[in-house]
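Treat the numbers as computed from the prediction; the structure is a model and nothing was measured. Protein chains get the first letters and strands the later ones, always in sequence-line order, with residue 1 at the start of each. When reading the values below, keep in mind they use all heavy atoms of this one structure, side chains included, and skip hydrogens, waters and symmetry mates.
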Amino acid sequence: MVSEFMLQQTPVSRVLQPWQQWIERWPTPTALAEAPSGEAVRAWGRLGYPRRALRLHRAATAIRDDHDGHVPDDYAALRALPGVGDYTAAAIASFAFGQRHIVLDTNVRRVQTRIALGVEFPHTSATAAERVLAEDFLPSRAERAAAWAVASMELGALVCTARTPDCDVCPVRTECSWHRAGRPSWDGPPRVGQRYHGTDRQCRGALLSVLRSADAPVAEDELLVAWPDQRQAERARDTLLADGLMIMDADGCSLPR
DNA sequence: AAAGCGTGGAG
DNA sequence: TCTCCAAGCTT
């Protein structure tokens, strides 16, 4: 569950070390729940999207309070936890508990779009048609389905990659519509990339970085100078406060205690 | 339902 | 450099 949270939009290579330290420090949901949420944010380090750390902490609290300290094996119960969407609930139920679920992440979406539709990339958001397709691929026996979920994800992550797929070593090369069609390049609408430089996201990151490395509360002025644009820094401060990623009191600004 | 939310590595 | 992208979720 910890690794799934960390892997939401962060590459495996960057997750390995923080995951190891996290698990050593908080081996159980209850152990995490007992720590201040700010410590979870600090241990999150530079994985990005630090609200995930907060959600993982809240999920751990819910598991301690409502599930006797054990990660539930039921899809609906998992899905109800903060920070757990369709993908993460299915991934935990499948990988950890061997159940049969559609595990539809960006890798699997790309793999099945290429194999079955002969198209290089799936559309921006997962459609109902994609879930039907995924259901068609999914073996009926739970054990086989769980193996398929891992296998199709790995295929997408290691072989059928977005930029430079290695079709030469692909085990389903001969059954792939996209490969048979000569790997036609994407001709759909241009896919919009997210800007980062100079955005509020970068600004929030800069402020939070100060709080992460501080071992005592930081004066507000000292925090705001971490970003050149004061108006933007104030806005970031406000949203960080609203998100619960920082607190501000008479002592100054800090991660939540 | 489209937009916001971090960060760093590869090409 | 700069663009793209990496095991999504929430509002």
Which atom pairs, one a donor and one an acceptor, fall under 3.5 Å between side chains of residues 162-177 of chain A and the rest of the protein, sequence neighbours left out?
{"residue": "A/Arg173", "atom": "NH1", "partner": "A/Cys167", "partner atom": "O", "Å": "3.3"}
{"residue": "A/Arg173", "atom": "NH1", "partner": "A/Asp168", "partner atom": "O", "Å": "3.0"}
{"residue": "A/Arg173", "atom": "NH1", "partner": "A/Cys170", "partner atom": "O", "Å": "3.2"}
{"residue": "A/Ser177", "atom": "OG", "partner": "A/Ile115", "partner atom": "O", "Å": "2.5"}

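By the 4.0 Å N-to-carboxylate-O rule, A/Glu120 lies too far from A/Arg183 to be salt-bridged with it.
Two residues are said to be in side-chain contact when any heavy atoms from C-beta on lie closer than 4.5 Å; A/Thr10 and A/Arg52 meet this criterion.
Using a 4.0 Å heavy-atom cutoff across all strands shown, A/Phe5 reaches no nucleic acid atom at all. Counting any heavy atom pair closer than 4.0 Å across all strands shown, A/Arg109 reaches no nucleic acid atom.
The CZ-C1' distance, from A/Arg14 to B/dA10, rounds to 13 Å in whole Å. Rounded to whole Å, the distance from NE2 on A/His123 to C1' on B/dA1 is 16 Å. Remark: C1' of B/dA2 and CD of A/Gln194 are 11 Å apart, rounded to the nearest angstrom. Rounding to whole angstrom units, CE of residue A/Met246 and P of B/dG6 are separated by 14 Å.
Proximity of a side-chain donor or acceptor of A/Gln99 to a complementary backbone N or O of A/Asp73 within less than 3.5 Å is detected. Proximity of a side-chain donor or acceptor of A/Arg114 to a complementary backbone N or O of A/Phe121 within less than 3.5 Å is not detected. Under a 3.5 Å cut-off, the side chain of A/Asp68 and the backbone N or O of A/His70 do not form any donor-acceptor pair. A donor-acceptor pair is defined here as one N or O able to donate and one able to accept, closer than 3.5 Å; no such pair exists between the side chain of A/Trp227 and the backbone of A/Ala206. Checked by atom type and distance alone, the side chain of A/Arg257 never pairs as donor or acceptor with a backbone atom of A/Ser37 at under 3.5 Å. Under the 3.5 Å distance criterion, the side-chain polar atoms of A/Arg235 are left unmatched by any main-chain donor or acceptor of A/Asp200. A side-chain donor-acceptor contact under 3.5 Å links A/Gln8 to the backbone of A/Gly83. The backbone N or O of A/Gly198 sits less than 3.5 Å from a side-chain atom of A/Gln232, completing a donor-acceptor pair.
Taking atom P on both nucleotides, C/dT11 is separated from B/dG6 by 14 Å, rounded to a whole Å. Distance check on atom P: C/dA7 versus B/dA2 gives 22 Å, rounded to whole Å.
Closest-nucleotide positions on DNA chain C for A/Leu81 and A/Ser3 were compared, and the one nearer the 5' end corresponds to A/Ser3.
Of the residues in residues 148-172 of chain A, those lying under 4.0 Å from DNA chain C by heavy-atom distance are A/Met153, A/Glu154, A/Ala162, A/Arg163. For DNA chain C, the neighbouring residues in residues 36-60 of chain A, judged by any heavy atom under 4.0 Å, are A/Arg55. Near DNA chain C, meaning a heavy atom under 4.0 Å away, there are no residues from residues 199-228 of chain A. Non-hydrogen atoms lying under 4.0 Å from DNA chain C are contributed by A/Val84, A/Gly85, A/Asp86, A/Tyr87, A/Thr88, all within residues 84-93 of chain A.
Pairs engaging residues 219-230 of chain A under the salt bridge (Lys or Arg N to Asp or Glu O under 4.0 Å) rule: A/Glu220-A/Arg237 [sequence neighbours left out].
Shown here are the side-chain contact (heavy atoms from CB on, under 4.5 Å) partners of A/Ala116, two or more places apart in sequence or in another chain: A/Leu133, A/Phe137. Applying the side-chain contact (heavy atoms from CB on, under 4.5 Å) criterion to A/Arg42, with sequence neighbours excluded, gives A/Glu39, A/Arg212, A/Leu255. The side chain to side chain donor-acceptor pair (under 3.5 Å) search around A/Thr161 returns none, not counting sequence neighbours.
When only modelled atom types and interatomic distance are considered, A/Thr239 and A/Arg204 share a side-chain donor-acceptor pair under 3.5 Å. A side-chain N or O of A/Glu24 and one of A/Gln20 form a donor-acceptor pair less than 3.5 Å apart.
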Task: Watson-Crick and G-U pairing of DNA chain C, under 3.5 Å, as dot-bracket with | and [ ] - done: .|||||.||||
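Bounding nucleotides for the chain A contact on DNA chain C, 5' to 3', at a heavy-atom distance below 4.0 Å, are C/dC4 to C/dT10.
Hydrophobic clustering, defined by side-chain heavy atoms of Ile, Leu, Val, Met, Phe, Trp and Tyr closer than 4.5 Å, groups A/Phe97 together with A/Met1, A/Val2, A/Phe5, A/Met6, A/Leu7, A/Val12, A/Val15, A/Leu16, A/Trp19, A/Trp22, A/Ile23, A/Trp26, A/Leu32, A/Trp44, A/Leu47, A/Leu56, A/Ile63, A/Val71, A/Leu78, A/Leu81, A/Val84, A/Ile92.
Interatomic distance, A/Leu245 CG to A/Leu208 CG, rounded to the nearest 0.5 Å: 5.5 Å.
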